[in-house]
Amino acid sequence: DFGGTDTYAPAILLPPIAFLALAFLIRKRQTEQKNLFDRQLITPLFVGIIAFLIISTPFFRNTDGLTSMSLGNNDIADSASVSRYLKEFSRSDTAGFLGQSGIFKVMADQIIFGGPLSTAFASSLFSLQTYQLQSMSIQVFFLFSVFLVYALAYEVFRYNQISAVGVMAIYGLSPIMYYTVYQGFQGQIIATGLALCIFLLHLQAINHCKKFFQFNFSILL
């Protein structure tokens, strides 16, 4: 019953920042300074940013600030409402719009949680309202999946650099994915990226781990 992410979001950031700093220091010691960043990644990074800018075009052209839009599906309103509950209220609060209905608590407990929490978390960190980041969060998770498609094509399926970037570009410009993003299907976009990440981690572990213990340890990490 702490309250929403407005209360605890900064504290949650401390462990991942510490782990990232540790990983960076370890990699820096193991790698020459000039090889710390692989120049080969510049091209997929550029393609990913272009895909992100293209999918964000309606927001650049039609709005004066951060907001959310949908082609017509109302999932985005449901997600933003649950995000606001997770951002601003504790479990025992009954004030305001929570006093009118307990549906938001029920939805957070039983229907949708991870996606709205990610939006609430970012809204707290950047001092924005959840409706301002609801569409943006979907587009950011889509961008993650674009990079993961490149990693799978290059690392697992052993495509060369040009072919892997091509597969990444086809995915990044896919009308099916654009439709999913513009309808506000946050759960589907997050699940796509998560599934790609799980495939990549498991296949890399299978290909590189010599013993069963190493496989379990790498999956846990």
Side-chain angles (χ1 to χ4, degrees), residues 1-21 23 48 52 55-56 59 63 65-71 73-149 177-201 219-221:
D1 205 31
F2 280 138
T5 53
D6 286 344
T7 303
Y8 61 80
I12 293 284
L13 278 184
L14 296 179
I17 288 175
F19 285 123
L20 284 172
F52 180 79
I55 204 170
S56 302
F59 296 88
T63 63
L66 288 173
T67 189
S68 294
M69 293 191 297
S70 171
L71 286 177
N73 182 65
N74 67 355
D75 280 15
I76 199 163
D78 289 338
S79 298
S81 298
V82 177
S83 293
R84 187 186 171 198
Y85 161 59
L86 294 172
K87 176 179 182 288
E88 300 177 12
F89 298 92
S90 69
R91 298 291 303 169
S92 59
D93 281 337
T94 57
F97 81 126
L98 285 178
Q100 302 172 32
S101 172
I103 186 61
F104 304 113
K105 292 181 180 179
V106 173
M107 290 180 69
D109 285 345
Q110 302 178 18
I111 304 174
I112 53 175
F113 175 74
L117 180 66
S118 68
T119 305
F121 193 87
S123 299
S124 297
L125 293 178
F126 295 109
S127 300
L128 295 169
Q129 296 299 316
T130 55
Y131 77 87
Q132 294 177 292
L133 290 181
Q134 192 65 37
S135 289
M136 176 66 74
S137 70
I138 297 172
Q139 293 166 229
V140 169
F141 279 112
F142 170 70
L143 177 62
F144 290 160
S145 69
V146 173
F147 291 136
L148 284 166
V149 166
M177 298 308 299
Y178 278 40
Y179 177 83
T180 307
V181 169
Y182 289 147
Q183 287 285 17
F185 292 144
Q186 186 181 44
Q188 288 84 337
I189 292 295
I190 292 177
T192 300
L194 183 61
L196 291 171
C197 185
I198 291 172
F199 292 153
L200 179 63
L201 289 175
I219 294 300
L220 286 174
L221 288 179

Residues in side-chain contact (heavy atoms from CB on, under 4.5 Å) with [X], at least two apart?
| X | result |
| --- | --- |
| L148 | L196, C197, L200 |
| T94 | none |
| S70 | N73, I76, Q183 |
| Q139 | F52, I55, S56, F59, S135, V181 |

Side chain to side chain donor-acceptor pair (under 3.5 Å) with [X]: which residues, sequence neighbours excluded?
| X | value |
| --- | --- |
| S145 | Y171 |
| Y178 | none |
| E88 | R84 |

Working to the nearest 0.5 Å, report the span between [atom1] of [X] and [atom2] of [Y].
| X | Y | atom1 | atom2 | value |
| --- | --- | --- | --- | --- |
| I190 | L194 | CD1 | CG | 9.0 Å |
| Q132 | S123 | CD | OG | 7.5 Å |
| F89 | T5 | CZ | OG1 | 11.5 Å |
| L125 | L13 | CG | CG | 5.0 Å |

(request) Inspect the surroundings of OH in Y8 and state if more than 12 heavy atoms from other residues, nucleotides or ligands are less than 6.0 Å away. (result)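 Yes, because the 6.0 Å sphere around OH of Y8 holds more than 12 heavy atoms from other groups.
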(message) Using a 3.5 Å distance criterion without hydrogens, assess whether the side chain of S124 forms a donor-acceptor pair with backbone atoms of D6.
(response)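 Flag set: sc S124 to bb D6 pair under 3.5 Å.
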(request) For Y131, enumerate each residue passing the ring pair (Phe, Tyr, Trp, His ring centres under 6.0 Å) test, keeping only those at least two apart in sequence or located in another chain. (result)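 Listed in chain order: nothing, the list is empty.
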(message) Can you list everything that forms a ring pair (Phe, Tyr, Trp, His ring centres under 6.0 Å) with F185? Sequence neighbours excluded, please.
(response)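 In terms of ring pair (Phe, Tyr, Trp, His ring centres under 6.0 Å), with neighbours along the sequence ignored, F185 is linked to no residue.
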(request) Sequence neighbours left out, what pairs pass salt bridge (charged side-chain N to carboxylate O under 4.0 Å, His left out) with at least one residue falling in residues 100-123? (result)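 For residues 100-123, and leaving out neighbouring residues, the salt bridge (charged side-chain N to carboxylate O under 4.0 Å, His left out) pairs sorted by first residue read R91-D109.
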(message) Just by distance, no angles: are the side chains of S83 and T130 close enough, under 3.5 Å, to form a donor-acceptor pair?
(response)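 No donor-acceptor contact under 3.5 Å links the two side chains.
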Output side-chain donor-acceptor pairs under 3.5 Å for residues 114-121, partner residues at least two apart or in another chain, one line each.
residue, atom, partner, partner atom, Å
S118, OG, G115, O, 2.6
T119, OG1, G115, O, 3.4
T119, OG1, S137, OG, 3.2
T119, OG1, Q186, NE2, 3.1

(request) In sequence, state the C-alpha distance, the side-chain angles, and the governing distance for D93 and S90, and then conclude on side-chain hydrogen bond (donor to acceptor under 3.5 Å, both in side chains). (result) CA-CA 5 Å; D93 281 337; S90 69; 3.3 Å; yes
(request) Report the residues that fulfil salt bridge (Lys or Arg N to Asp or Glu O under 4.0 Å) with D75, sequence neighbours left out, ordered by chain and then residue number. (result)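 If we apply the salt bridge (Lys or Arg N to Asp or Glu O under 4.0 Å) test to D75, skipping adjacent residues, there are no hits.
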(message) With heavy-atom distances below 4.5 Å as the criterion, would you say the side chains of L86 and F113 are in contact?
(response)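 Answer yes - side chains close enough.
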